[in-house]
Amino acid sequence: VVVSVDPGHCREPGGSYSAVVAWGVVGNDYYLIDAARGHFNTRGLCDAIKAVARRAKAGTILIEETGFGREAIPRLKPHFEVVAITQPTQSKVDRALKHVDLFKNGHVYVPRFSAHVEPLIEELVRIGHAPSSDLADATTQFLSWHRQHPKPKIVAPKVRALGVVLSKAQARALSPIEPSRAGAVA
């Protein structure tokens, strides 16, 4: 499980959101596990990242070195493996287009019950033209990073026997995840 963060630049309503998304990877499939989005200051952003990371049992945190991310990175390093991502040079549309194949081939799944499903789909479909794109940016940041580093450091207990779920938290994180109505986010 990897948490990807697109930090905002303003904590006031009307400013850019900070988005925190936790993605699990099973084989060639990507599962949205948890998310948070809001207008945070540095402390609020760190709290949101820690909460999502702990709920999702994340091993790695990707965070863009922009906005509140610059201040959050050193605060998170004592607690998590943090990968600082430089600000992208490509447009949001170009970054998203690199991953269309994953969506078209049904490799991206989101839980129906998540409050962030509709905003994420809206942002991905209207990338570059939606009122905000923070969840989409955090998602494409994760997909780009994972495709370059498909075997991130595993920071989780080893399974003792095949098919055994280690904790109730892991079971809750995995069991409700279902494909969307179309089988994947379109």
Side-chain angles (χ1 to χ4, degrees), residues 1-11 15-26 28-103 107-110 116 119-121 123-124 126-128 130-156 185:
V1 175
V2 175
V3 170
S4 182
V5 181
D6 180 41
H9 303 273
C10 176
R11 67 180 188 178
S16 63
Y17 285 103
S18 290
V20 181
V21 292
W23 286 94
V25 182
V26 178
N28 295 323
D29 295 331
Y30 298 92
Y31 295 87
L32 177 67
I33 296 173
D34 199 358
R37 182 173 79 163
H39 294 108
F40 304 116
N41 58 18
T42 302
R43 182 178 179 166
L45 177 61
C46 288
D47 290 345
I49 293 167
K50 289 175 185 177
V52 169
R54 288 185 178 131
R55 284 192 305 264
K57 306 285 188 214
T60 302
I61 309 238
L62 307 176
I63 184 166
E64 195 175 286
E65 288 184 293
T66 60
F68 293 116
R70 281 193 236 32
E71 297 168 8
I73 290 168
R75 294 181 185 191
L76 295 167
K77 281 189 174 186
H79 308 285
F80 301 97
E81 177 187 348
V82 177
V83 177
I85 305 291
T86 58
Q87 186 170 13
T89 57
Q90 294 180 310
S91 74
K92 296 171 188 286
V93 174
D94 289 338
R95 293 192 315 260
L97 287 174
K98 289 182 178 182
H99 308 295
V100 168
D101 63 307
L102 295 173
F103 295 94
H107 291 292
V108 180
Y109 297 90
V110 296
H116 300 288
L120 174 60
I121 293 170
E123 289 181 15
L124 286 167
R126 296 185 61 212
I127 192 113
S132 70
S133 61
D134 309 289
L135 291 166
D137 285 346
T139 296
T140 59
Q141 174 178 279
F142 160 71
L143 293 171
S144 293
W145 180 84
H146 187 265
R147 285 181 143 184
Q148 292 174 5
H149 305 89
K151 300 211 184 253
K153 179 180 171 187
I154 304 299
V155 185
V185 176

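Sequential numbering from 1 along the given sequence is applied to the chain's residues.
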Run the side chain to side chain donor-acceptor pair (under 3.5 Å) test against E64 and tell me which residues pass, sequence neighbours left out.
T66
CD1-CG distance between I49 and L62, expressed to the nearest 0.5 angstrom
10.5 Å
Side chains of L143 and F103, heavy atoms from C-beta outward: is any pair under 4.5 Å?
yes
Measuring from atom NE2 of H99 to atom NE2 of H107, what distance do you get when rounded to the nearest 0.5 angstrom?
14.0 Å
Contacts of K77 meeting side chain to side chain donor-acceptor pair (under 3.5 Å) (sequence neighbours excluded), chain-then-number -> none
Other residues, nucleotides and ligands only: do more than 12 of their heavy atoms fall within 6.0 Å of CG on D101?
yes
Show which side-chain atoms of residues 134-141 pair as donor or acceptor with protein atoms under 3.5 Å away, not counting sequence neighbours.
from	atom 1	to	atom 2	distance (Å)
D137	OD1	R95	NH2	3.4
D137	OD2	K92	NZ	2.6
D137	OD2	S133	OG	3.3
T139	OG1	L135	O	2.9
T140	OG1	A136	O	3.2
T140	OG1	D137	O	3.2
Q141	NE2	S4	OG	2.9
Q141	NE2	V5	O	3.2

Can you confirm whether T42 sits close enough to L45 that some side-chain heavy atom of one is under 4.5 Å from a side-chain heavy atom of the other?
no
Would you compute the distance between atom NE2 of H39 and atom CZ of F68 and round it to the nearest 0.5 angstrom?
10.0 Å
Has S18 got a side-chain atom pairing as donor or acceptor with G8's backbone, closer than 3.5 angstrom?
yes
So V3 and F80, side-chain contact (heavy atoms from CB on, under 4.5 Å) or not? Walk me through it.
CA-CA 10 Å; V3 170; F80 301 97; over 6 Å; no
Got C46 and E71 here, is their nearest side-chain heavy-atom distance under 4.5 Å?
no
Any side-chain heavy-atom pair from H146 and W23 closer than 4.5 angstrom?
no
Quick check: closest heavy atoms across V93 and G128, and the distance to 0.1 Å?
CG2-CA, 4.2 Å
Over 60° means perpendicular and under 30° means parallel, so tell me whether Y31 and Y109 are parallel, tilted or perpendicular.
parallel
Quick check for you: to the nearest 0.5 Å, what is the distance between R147 atom CZ and K98 atom NZ?
10.0 Å
I want to check something: taking the side chain as every heavy atom from C-beta on, are K50 and L76 in contact at a cut-off of under 4.5 Å?
yes
Value for NZ (K57) from CD1 (I33), rounded to nearest 0.5 Å, stands at 11.5 Å
To the nearest 0.5 angstrom, please state how far the CD1 atom of I85 sits from the CD1 atom of I61.
12.0 Å
